[in-house]
*Asks:* 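One structure is given below, represented as structure tokens, and several questions about it will come after.
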Amino acid sequence: MADFDHRSLDEVIHGRVRLGLMAYLRAAGAADFTDLKRRLGVSDGNLSTHLKKLEQAGYVAADKRFVGRKPQTRVRLTETGRAAFAAYLETLEGLLGSGD
Amino acid sequence: MPDDRQRAEDDLAYIRAMMEEGRKSAGVDGGFMQLWGPLLALGFLIQFLSVAGLLPALLGAIWIPVFVIGWAGSFWLGRRRACASQGRSGRFAYGAAWMGTGLAVLVHFIPALLAGTFDPLAVTLLSTALFAVSFFVMAQVTGLRWVYGVAAGWAGLLAWFTVRDAVVPGDLLVLAAACILLIYLPGLALSRIGAARRHGAGPASSQAAG
């Protein structure tokens, strides 16, 4: 049986909130900040911190705009993020498979 | 390392759950159906009145404006929602199915009208088949089980018209009713579900909607 080594997983994605973010965006393509906050059950500050980390890695992009008079932040997965998430999933499934 | 392995399995389950949520959120928008349902119903109603002799018999004068208004409205709706749906693969998938349906009907209708070979039964079979397929795609993408029922409704109409020799005037009223019941009302429901998912929407409301 091969060793299960979680260090081979992408550290930027590997974390409950960021993992949830990436998975949700992978399927939805894009989402509003408030929608993400509700889905993930996190505070504004917490979500902002995680988004910033993903943005710095180039995995997500945030577009700010106004809907009526209300500012709205829309977050979308970038191509880099899409590829990184696919690689993460592949690694995770590979690790689980290697222990069978 | 059993703990790591357990965590990885939990992560994978979490990823699947979040992707399912994202997938559902991506595909709910009934605006186009709210436009096309009443428009097509009106077209069938006017055609019925025309066939009944209450209005002049001008097929093109009925349906060309319907298509022009429908496509212009769709274009306007598409532009208005382009920003909101940017990158939403689910909505893109069924939007493409509906666009293909619209184009196929148009490509069948216009040459047949120009060549004088228009066959009401042929266009009815084509339309009901394509509507059934598009709703089936929509059901798959959105994960909303009741949308399969709408697809089945159109498939039922397809089967019904398949065994008929011709479209009779009363069928135009059936089709008008179908456009309201099987296009407009599902569109209305999808828009409400979409709004609920965007603005208050957690997993619980998504499951209730599904």
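All of these numbers come straight from a predicted model, not from anything done at the bench. Below, chains carry the letters A, B, ... as their sequence lines are ordered, and counting in each starts from 1.
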*Asks:* Heavy-atom cut-off 4.5 Å, strictly under: side chain, backbone, both or neither for Leu89(A) against chain B?
*Replies:*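 Side chain only.
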
*Asks:* What residues, two or more places apart in sequence or in another chain, satisfy ring-ring contact (aromatic ring centres under 6.0 Å, His included) together with Tyr59(A)?
*Replies:*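 With neighbours one apart ignored, the set is empty.
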
*Asks:* If we only count heavy atoms from C-beta on, is the Asp11(B) to His14(A) side-chain gap below 4.5 Å?
*Replies:* yes

*Asks:* Of the non-hydrogen atoms in Arg16(A) and Tyr14(B), which two are nearest, and what is the gap between them?
*Replies:* O-CE2, 3.2 Å

*Asks:* Testing the basics here: between Ile15(B) and Ala23(A), what is the closest heavy-atom pair and its distance to 0.1 Å?
*Replies:* O-CB, 3.7 Å

*Asks:* Minimum heavy-atom separation for Gly22(B) and Ala27(A), please, with both atom names.
*Replies:*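 Gly22(B) and Ala27(A) have their closest heavy atoms at C-CB, 3.7 Å.
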
